[in-house]
Amino acid sequence: MSWKYIVSCLSLVVICSSEAVHKIGKISLNTAAFANLYENPNARSPNEKYDLLLTTFSGNPFVSGTVSLYRGIGQHMRNIGNIQKEVLANKMSWPNEVSGVPESVFGKRMVVIPDGFLVPFKDDGYIYIVDISGNTPRGPYKLTDHTEGKWFYHRVLWKDMDGDGDLDILTCRAREPVFSIFSSKDTEMLWLENPDNHQYTSPWKQHVITHGPDVYFRNLKINTTDGEFDVIVTSEFFKKKLTIHWTTDNMKRWNDLTKVHSRTIDTTAGALFDVEINDVNGDGREDFLVVSNGMNGSVLVYEVPNDFRTDNFPRHTIATNFVPRTKGQGKGAPGSAFCIRSLASDKSTRPFILVSGDDDGRAYFLEPNSNNVQDWTYTKNTFHDAGSGTVGQIAFADVDGDDFIDIFVPDYNLNDVSIYTFAPSEQTVFGYK
């Protein structure tokens with residue numbers, strides 16, 4: 001009987017315990033911050049399927065941020081010392097959620113870097129593109145400019161916003177000038193128009209959708225009795241609210257603002273850091289997994305009602321009391337949260353929640369206490385502890401093709417990225433060390 005079969009059966013019964021994950025090594029990287037995985041559709045083998053992307057940044061005005069690429073990371077899971085780093089950009093202000101560009105956009109593999117933050121001397125952010133299709137990275141190229149002042153960006157999604165068949169950039173941005181007398185505080189959701197010639201060496205045309213959204217957001221389709229709507233959900237950190245936006249255009253375009261509508265879902269949950277879309281409780285309906293970041297941070301779930309335009313969104317607090325271990329301006333907890341299972345092939349069990357503690361210095365699994373879709377109680381399990389440091393944005397996937405999910409945890413103050421896996425080892429038997 002194979003280990004994979006045993007662990008698969010176990011996960012169906014008890015939803016795999018956090019103790020079933022174990023650390024296999026680490027990658028050295030000073031001030032490691034954001035991790036992401038970029039799938040390579042042209043990989044020659046399963047263990048070459050994912051490239052690891054990592055960012056670094058510093059509050060020191062004289063230290064630049066960097067973005068690095070580790071190609072075919074799954075090849076090196078048994079010998080982490082062989083991992084080779086490629087530096088894609090080394091003069092960034094504050095690189096955030098770096099991600100891969102769908103190959104259909106430019107016909108080759110590219111990486112997009114949203115940059116900048118509200119820290120003095122780091123607020124001059126742009127959206128950059130780097131060409132990684134060859135052996136030597138080319139770029140970075142700026143897709144935004146400072147025509148209307150300095151901004152910082154955190155996330156980029158690729159979406160056809162005007163119905164022309166090309167994928168455009170959907171993003172949010174913010175600015176909170178510290179020294180500048182030429183820029184005023186503002187937040188915006190906007191899209192950047194992919195030009196007809198698909199060039200990426202100069203800025204794209206900007207279209208502001210609305211003011212208010214600032215950092216993180218997600219896009220989804222929601223069905224109603226009036227048909228399917230294209231929806232953008234924004235977790236507004238500065239204005240402390242969760243907002244939903246949709247278009248009534250019959251082709252789901254966003255270029256006619258008279259057809260774009262917005263509604264506030266909640267203003268009572270604090271500074272909302274991030275939002276994820278997933279079926280959290282296994283009832284077959286997508287939910288909003290939301291993080292409230294502050295002195296008593298929480299992980300929340302909002303159920304999507306029958307009519308998102310008018311009905312209330314039931315809210316459930318599934319974990320709370322995430323607190324920064326050290327005091328200081330800008331400290332917060334927790335960071336982003338994601339639904340996760342131990343096996344890539346497992347689509348049947350109720351997921352548990354992977355949470356970055358951010359400034360509380362830990363990483364967690366929130367384990368549902370039952371498979372009952374009406375039960376919103378969870379057990380908080382710590383699987384990683386970086387002490388008084390900061391845990392960055394976590395990435396996960398089955399990177400080596402063995403079906404077990406692997407996890408990459410950036411340790412900002414420890415200057416490394418810890419690597420965990422659900423694949424069994426001699427220390428892990430039936431979820432117990």
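If you're wondering where the values come from, they're calculated on a predicted model, not measured in any experiment.
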Query raised in the report: Between the side chains of D416 and Y412, does any donor sit under 3.5 Å from an acceptor?
Result: no
Requested in this report: Can you establish whether the number of heavy atoms outside D196 located under 6.0 Å from its atom CG is more than 12?
Outcome: no
Report task. Answer yes when R138 and D131 have at least one side-chain N-carboxylate O distance shorter than 4.0 Å, and no when they do not. Result -> yes
Requested in this report: Of all the heavy-atom pairs spanning P95 and M92, show the shortest one and how long it is.
Outcome: CD-CB, 3.6 Å
Requested in this report: I would like to know whether W204 and D168 meet side chain to side chain donor-acceptor pair (under 3.5 Å); could you show each step before the answer?
Outcome: CA-CA 9 Å; W204 288 6; D168 308 295; over 6 Å; no
Requested in this report: Return the orientation label for the H207 and W191 ring planes: parallel under 30°, perpendicular over 60°, tilted otherwise.
Outcome: parallel
Query raised in the report: Would a distance-only check, ignoring hydrogens and angles, find a side-chain to backbone donor-acceptor pair under 3.5 Å from T317 to A319?
Result: no
Query raised in the report: Would you say K240 has more than 12 foreign heavy atoms packed within less than 6.0 Å of its NZ?
Result: no
Query - side-chain hydrogen bond (donor to acceptor under 3.5 Å, both in side chains) partners for T224, two or more places apart - result: none
Report summary line: Correct closest heavy-atom pair for L143 and L192 would be O-CD1, 4.0 Å
Query raised in the report: Does a side-chain N-to-carboxylate-O contact under 4.0 Å join E303 and R285?
Result: no
**Report entry** Polar side-chain atom of R71 near backbone of Q84 as donor-acceptor pair, under 3.5 Å
**Finding:** no
Query raised in the report: Does the pair T390 and D359 meet the rule for a side chain to side chain donor-acceptor pair (under 3.5 Å), with working shown?
Result: CA-CA 5 Å; T390 297; D359 289 318; 2.6 Å; yes
Report task. Look at the aromatic rings of F273 and F237 and report parallel, tilted or perpendicular, splitting at 30° and 60°. Result -> perpendicular
Query raised in the report: What residues form a side-chain hydrogen bond (donor to acceptor under 3.5 Å, both in side chains) with T320, not counting sequence neighbours?
Result: S298
Query raised in the report: Looking only at heavy atoms, what is the nearest atom pair of V355 and A337, with distance?
Result: CG2-CB, 4.0 Å
Query raised in the report: To the nearest 0.5 Å, how far apart are CH2 in W94 and CZ in F121?
Result: 13.5 Å
**Report entry** D249 with K259: basic N within carboxylate O range, under 4.0 Å
**Finding:** yes
Query raised in the report: If we ignore angles and hydrogens, is there a donor and acceptor under 3.5 Å between the side chains of D124 and H146?
Result: no
Query raised in the report: Have T268 and R315 got a donor and an acceptor in their side chains that come within less than 3.5 Å?
Result: yes
Report task. Taking salt bridge (charged side-chain N to carboxylate O under 4.0 Å, His left out) as the test, write out the residues that go with R309, two or more places apart. Result -> D226, D307
Query raised in the report: With distance as the sole criterion, is a donor-acceptor pair present between the side chains of S418 and D411 under 3.5 Å?
Result: yes
Query raised in the report: Cation over ring, K142 on Y126, under 6.0 Å and within 45°?
Result: yes
Requested in this report: Test side chain to side chain donor-acceptor pair (under 3.5 Å) on R263 and T310 and set out the steps.
Outcome: CA-CA 9 Å; R263 178 192 173 200; T310 57; 5.8 Å; no
Query raised in the report: Between CE of M110 and OG of S99, what distance do you get to the nearest 0.5 Å?
Result: 12.5 Å
Query raised in the report: Between the side chains of Y420 and H384, does any donor sit under 3.5 Å from an acceptor?
Result: yes
Report task. Can you establish whether the number of heavy atoms outside K26 located under 6.0 Å from its atom NZ is more than 12? Result -> no
Query raised in the report: Are any side-chain N or O atoms of S292 and backbone N or O atoms of A269, one a donor and one an acceptor, separated by less than 3.5 Å?
Result: yes
Query raised in the report: Would you call E236 and L272 a side-chain contact if the rule is heavy atoms closer than 4.5 Å?
Result: no
Query raised in the report: Taking the six-membered ring for Trp, is the centroid-to-centroid distance between Y200 and F106 below 6.0 Å?
Result: yes
Query raised in the report: What class does the angle between the rings of F229 and F308 fall in, given that below 30° is parallel, 30 to 60° is tilted and above 60° is perpendicular?
Result: perpendicular
Query - Check: F217 and L170 side chains under 4.5 Å, non-hydrogen atoms - result: yes
Requested in this report: Kindly indicate, with the supporting measurements, whether the criterion side chain to side chain contact (heavy atoms under 4.5 Å, CB included) is fulfilled by E97 and R155.
Outcome: CA-CA 6 Å; E97 191 180 74; R155 173 171 290 160; 2.7 Å; yes
Query raised in the report: Quick one: does T264's side chain have a donor or acceptor within less than 3.5 Å of a partner on D266's backbone?
Result: no
Report summary line: With F396 as partner, the option from L354, L37, V409 fulfilling side-chain contact (heavy atoms from CB on, under 4.5 Å) is L354
**Report entry** Donor-acceptor contact below 3.5 Å, side chain N296 vs main chain N321
**Finding:** yes
**Report entry** Check: F365 ring centroid to F383 ring centroid under 6.0 Å
**Finding:** yes
**Report entry** Polar side-chain atom of T267 near backbone of K241 as donor-acceptor pair, under 3.5 Å
**Finding:** no
Query - Proximity of Y128 and Y141 rings by center, below 6.0 Å - result: no
Query raised in the report: Taking side chain as C-beta onward, heavy atoms only, is L242 less than 4.5 Å from V233?
Result: yes
Query raised in the report: Just by distance, with hydrogens left out, do E103 and N42 show a side-chain donor and acceptor under 3.5 Å apart?
Result: yes
Query raised in the report: Is a donor on one side and an acceptor on the other found under 3.5 Å between the side chain of T243 and the backbone of T234?
Result: no
Query - Donor-acceptor pair between Q75 and N47 side chains, under 3.5 angstrom - result: no
Report task. Work out which heavy atom in P334 is nearest to a heavy atom in S356; give both atom names and the distance. Result -> CB-O, 3.4 Å
Query raised in the report: Taking NZ, NE, NH1 and NH2 as the nitrogens, is one of them in R173 or D115 under 4.0 Å from a carboxylate oxygen of the other?
Result: no
Query raised in the report: Are T421 and D406 close enough, and set up right, to give a side chain to side chain donor-acceptor pair (under 3.5 Å), and what steps lead you there?
Result: CA-CA 4 Å; T421 185; D406 309 296; 2.7 Å; yes
Report task. Could you check N381 against L366 for side chain to side chain contact (heavy atoms under 4.5 Å, CB included), going step by step and ending with a plain yes or no? Result -> CA-CA 6 Å; N381 298 305; L366 306 182; over 6 Å; no
Query raised in the report: Should K331 and D358 count as an ion pair when the cut-off is N to O under 4.0 Å?
Result: no
Query raised in the report: Is it true that E228 and K221 have a side-chain N and a carboxylate O under 4.0 angstrom from each other?
Result: no
Report task. Answer yes or no: is there a side-chain heavy-atom contact under 4.5 Å between D274 and V290? Result -> no
Report task. Assess the pair F338 and Y364: is the distance between their ring centroids shorter than 6.0 Å? Result -> no
Report task. Please answer whether the main-chain N or O of R253 pairs with a side-chain N or O of T247 as donor and acceptor at a distance below 3.5 Å. Result -> yes
Report task. Examine H22 together with F422 and report whether their ring centres are nearer than 6.0 Å. Result -> no
Report task. Report yes or no: do W254 and D230 form a side-chain donor-acceptor pair below 3.5 Å? Result -> yes
Report task. Rounded to the nearest 0.5 Å, what's the gap from CG on L69 to CG on L88? Could you check? Result -> 5.0 Å
Report task. Without swapping roles, check the side chain of Q199 against the backbone of T201 for a donor-acceptor pair under 3.5 Å. Result -> yes
Requested in this report: May I ask you to check whether T187 and D214 show a side-chain donor-acceptor distance below 3.5 Å?
Outcome: no
Query - Sidechain-backbone polar pair: N223 side chain, G227 backbone, donor-acceptor under 3.5 Å - result: no
